[in-house]
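What you see below is based on every heavy atom in this structure, not just the backbone, and it leaves out hydrogens, waters and symmetry mates. It should be emphasised that the depicted structure is a prediction, and the values quoted were computed from it without experimental measurement.
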Amino acid sequence: MKIASTIARYLLGFIFLTFGLNGLLHFIPMPPPAGIVGQFLGAIVVSRLYIVLFLMQIVPALLLLANRYVPLALTILGAIVFNIVCIHIFMAPAGLPLALLVTILWFLAAWSVRSSFAPFLQR
């Protein structure tokens, strides 16, 4: 299980680093989304909140790839993964398979540091 957690950590770090940098630098061409997702993302772009959102993906991704502060990085990315899954469930179901893959990778990466999350689950 340790090898699976390590592979998941690197994959998760690579995915979030790639898409976080793409959000700021636009090196992977993507068509603008239509419908309610387009309106939602348009509001994020106009308010410049996208800078914070993409930095909140890049920094934890670098921490995962460097194997430093992994529980902190997973905590930050956990909130982002939750939001990504909710967006794909409620607004853009076409991207749900990738969102579920990222969720599985998050749980596999978190398994190796599960003792760090134990205090959150106590009464």
Original post:
How many angstroms lie between CD1 in I15 and CG in L101, if you round to the nearest 0.5 Å?
Top reply: 5.5 Å
Subject >> Closest contact, heavy atoms only, G13 versus A61 >> reply: O-CB, 3.3 Å
Original post:
How far apart are the closest heavy atoms of F19 and Q57, and which atoms are they?
Top reply: C-OE1, 4.1 Å
**OP:** Nearest 0.5 Å please: distance from the CE atom of M91 over to the CD1 atom of I89.
**Re:** 11.0 Å
**OP:** Step by step, work out the side-chain contact (heavy atoms from CB on, under 4.5 Å) result for I84 and T103.
**Re:** CA-CA 9 Å; I84 289 170; T103 304; over 6 Å; no
Which pairs of donor and acceptor atoms, one on a side chain in residues 28-55, lie under 3.5 Å apart (sequence neighbours left out)?
from : atom 1 : to  : atom 2 : distance (Å)
S47  : OG     : A43 : O      : 3.0
S47  : OG     : I44 : O      : 3.1
S47  : OG     : L49 : N      : 3.4

Original post:
What distance separates L96 CG from I87 CD1, expressed to the nearest 0.5 Å?
Top reply: 12.0 Å
Original post:
Going hydrophobic residue to hydrophobic residue with side-chain gaps under 4.5 angstrom, can you get from V81 over to W111?
Top reply: no
Original post:
Would F16 and L64 count as a side-chain contact (heavy atoms from CB on, under 4.5 Å) if you check the C-alpha gap in whole Å, the side-chain angles of each, and the deciding distance to 0.1 Å?
Top reply: CA-CA 10 Å; F16 275 102; L64 288 179; 6.0 Å; no
Original post:
Side-chain heavy atoms under 4.5 angstrom apart, residues restricted to Ile, Leu, Val, Met, Phe, Trp, Tyr: same cluster for L108 and I80?
Top reply: no
Original post:
Is there a chain of hydrophobic side chains (I, L, V, M, F, W, Y, each step under 4.5 Å between heavy atoms) that links L11 to I104?
Top reply: no
Original post:
Which pair of heavy atoms, one from I76 and one from M56, lies closest together, and at what distance?
Top reply: CG2-CE, 3.5 Å
**OP:** Work out which heavy atom in L74 is nearest to a heavy atom in F117; give both atom names and the distance.
**Re:** CB-CZ, 4.0 Å
Original post:
So, for P60 and A73, which heavy atoms are closest and what is the spacing to 0.1 Å?
Top reply: O-CB, 3.5 Å
Subject >> Nearest-0.5 Å distance that lies between atom CZ in R9 and atom CG in L105 >> reply: 12.5 Å
Original post:
Under a single-linkage definition using a 4.5 Å side-chain heavy-atom cutoff for Ile, Leu, Val, Met, Phe, Trp and Tyr, are I58 and F14 assigned to the same hydrophobic cluster?
Top reply: no
Subject >> Heavy atoms from other residues, nucleotides or ligands near CD1 of I3 exceed 12 (cutoff 6.0 Å) >> reply: no
Original post:
Does a sphere of radius 6.0 Å around CZ in F120 hold more than 12 heavy atoms from other residues, nucleotides or ligands, not counting ones at 6.0 Å or beyond?
Top reply: no
**OP:** Starting from the C-alpha separation in whole Å, work towards a yes-or-no answer on side-chain contact (heavy atoms from CB on, under 4.5 Å) for V70 and N67.
**Re:** CA-CA 6 Å; V70 173; N67 198 23; 3.3 Å; yes
**OP:** Quick one: pull up CE in M1 and OG1 in T6 and give me the separation to the nearest 0.5 Å.
**Re:** 10.5 Å
Original post:
Do you know which two heavy atoms are closest between A109 and L12, and how far apart they sit?
Top reply: CB-CD2, 4.4 Å
**OP:** Verify, without hydrogens or angle tests, whether R68 (side chain) and L63 (backbone) share a donor-acceptor contact under 3.5 angstrom.
**Re:** no
Original post:
According to a 4.5 Å side-chain heavy-atom criterion applied to Ile, Leu, Val, Met, Phe, Trp and Tyr, with indirect links allowed, do L100 and F82 form part of one hydrophobic cluster?
Top reply: no
